[in-house]
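Letters go in sequence order (proteins before strands), and every chain restarts at 1. The figures that follow rest on heavy atoms only: side chains count, while hydrogens, waters and symmetry mates do not.
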Number of protein chains: 2
Amino acid sequence: MKYSEFDEIIPDLKMDICRKAYLENRDKIRIKKEELVVKNLGKIFDATLEIGILKGFQAMTMRDLSRVSGLSMGALYSYFSSKEQILTVYLGQGRKIIREVLERFIMEEALPAERLRTAVQVHLFLTEKMQEFFFFSYMEAKNLSSKERERSVQGELNTEKMFEEILVDGQESGGFKKQNPTLTASVIKAMLQDWYLKRKKYAKRNVHVDEYADFVMAFITPFCIHE
Amino acid sequence: MKYSEFDEIIPDLKMDICRKAYLENRDKIRIKKEELVVKNLGKIFDATLEIGILKGFQAMTMRDLSRVSGLSMGALYSYFSSKEQILTVYLGQGRKIIREVLERFIMEEALPAERLRTAVQVHLFLTEKMQEFFFFSYMEAKNLSSKERERSVQGELNTEKMFEEILVDGQESGGFKKQNPTLTASVIKAMLQDWYLKRKKYAKRNVHVDEYADFVMAFITPFCIHE
DNA sequence: GTCTATACACAGATAGAC
DNA sequence: GTCTATCTGTGTATAGAC
């Protein structure tokens, strides 16, 4: 699969986050017209991401957010009861959407070697599509409440677990070399994270996500798979 | 080399940072007794690191810093003229010390394969020894002034460049497989960064830094070196 | 539903006593 | 050199007009 194909298949994730955020927080949001809420949540989340990436969530003021989103301070507080809640809801819903997409794509493949390739590709393609969100999410995880932070860490561990299972499966059903699957999954994940944490570096070097995916596969193959 | 050996050879880096910070900022620091300044800079930097890791530098207040460091607000401001300056001086001096140590250890080796192993080990050992500093430095780089942030990015690129040079050298003088040295250096660095960014995860799994170093070498060897 | 104006708390920074 | 007390700006959050 190429990124261009993936990009066409995948739905509008931004809007999904907003709609899900509305549905799960209807009781807390004072505004009632669904269309309006979804539209304004979009403005709020976009602005949060933009400012948050630039100077961090803590340093973002509600006045900043008001200015960039185009909503007044008063309006913002009829969607969220606190600044902290914006972060919690945004990152929480994003995490759910991401998990859904990852699971949907990766479950399709049967052979371990193909599942490994697909997992690497889908992970990279998804982080390419939502690079800013992933970056922001990574950097701001520590500012979440301990309960939410725990969930965030767990989400990362699940991704790693998925790679570990593919590796164990490959070792058992043949074709994969014997190695420590936990550590291997861990460093594969580190390579994938570099793509969204250092996006600008790769852009400057004109490395396309398809090229990076191929490279990562070429790198891990001689260690993981008999040839 | 084992981490335990490295740990014994290496000087007291914390104190080096404080002493260097004093020497380069004598004009800006209102206190004049060297011994006293170095001691109090130690308290200030330790407290900054402790609070900064917990909730981020932006969220740390000068009152927090006063409480944890044991110095009054007034005293803090006779060492630094602003909160921002504490970050700039601390990260800047840390970066210099780190570069010195890296260069000193890695220049010793002659053969590319040995230099690669040493570079991996020294990098991991250094980040193990100063894990909190590296973590903090990574997370707070975006809060630096644009000039200082540029230096920070450049520091990372230099590390990568070092790996790239070892790889190119190995390819030219034989023994290393032909591959893209820039991308290879990039993912090696990603694996090394994971060690200090996810320190707690590895601690929970009882993975020692020596084991991780061996694993990283085992992982990159079949891709980089003819066997 | 959205706005402006404002309350109130707390941040960074400084003055001046000791 | 270090402290306490205090100034002043800015932050989050709300009240109430439209």
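Among pairs with a residue in residues 66-88 of chain B, those fulfilling salt bridge (Lys or Arg N to Asp or Glu O under 4.0 Å) read D64(B)-R67(B), at least two apart in sequence or across chains.
Annotation: side chain to side chain contact (heavy atoms under 4.5 Å, CB included) contacts of Y77(A) (sequence neighbours excluded): M62(A). With sequence neighbours excluded, the residues satisfying side-chain hydrogen bond (donor to acceptor under 3.5 Å, both in side chains) with Q85(B) are S81(B). Among residues two or more places apart in sequence or in another chain, the side-chain hydrogen bond (donor to acceptor under 3.5 Å, both in side chains) test is passed with N143(A) by Q58(A), E140(A). Residues passing the salt bridge (charged side-chain N to carboxylate O under 4.0 Å, His left out) test with E164(B): none are found, sequence neighbours excluded. Taking the side-chain hydrogen bond (donor to acceptor under 3.5 Å, both in side chains) definition, one finds that Y90(A) meets it with nothing, sequence neighbours left out. Residues meeting the side chain to side chain contact (heavy atoms under 4.5 Å, CB included) test with A141(A), sequence neighbours left out: S152(A).
The stretch residues 76-91 of chain B comes close to DNA chain D through Y79(B), each having a heavy atom under 4.0 Å from the strand. Less than 4.0 Å separates DNA chain C from at least one heavy atom of each of the following residues of residues 24-62 of chain B: M60(B), T61(B), M62(B).
With hydrogens and angles ignored, no donor-acceptor pair under 3.5 angstrom links the side chain of R63(A) to the base of dT10(D).
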Distance-only donor-acceptor hits, side chain of residues 14-24 of chain B, under 3.5 Å, sequence neighbours excluded:
residue, atom, partner, partner atom, Å
K20(B), NZ, E100(B), OE2, 3.3
E24(B), OE1, Q93(B), NE2, 3.2
E24(B), OE1, K96(B), NZ, 3.0
E24(B), OE2, K96(B), NZ, 3.2

Identify each donor-acceptor pair in which a side-chain atom of residues 128-137 of chain B lies under 3.5 Å from a protein atom, sequence neighbours left out, and give them as a table.
residue, atom, partner, partner atom, Å
E128(B), OE1, W195(B), NE1, 2.9
E128(B), OE1, R199(B), NE, 2.8
E128(B), OE1, R199(B), NH2, 3.2
E128(B), OE2, R199(B), NH2, 3.0
K129(B), NZ, D7(B), OD1, 2.7
Q131(B), NE2, Y196(B), O, 2.8

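Whole-Å rounding puts the R67(B) CZ to dA11(C) C1' distance at 14 Å. Between N143(A) atom CG and dT12(D) atom P there is a gap of 13 Å when expressed in whole angstrom units.
Ring orientation note: the planes of H208(A) and Y3(A) are nearly perpendicular, at an angle over 60° on the 30°/60° scale.
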Can you pull every protein N or O that's under 3.5 Å from an N or O on nucleotides 3-5 of chain C?
residue, atom, partner, partner atom, Å
dC3(C), OP2, S72(A), N, 2.9
dC3(C), OP2, S72(A), OG, 2.9

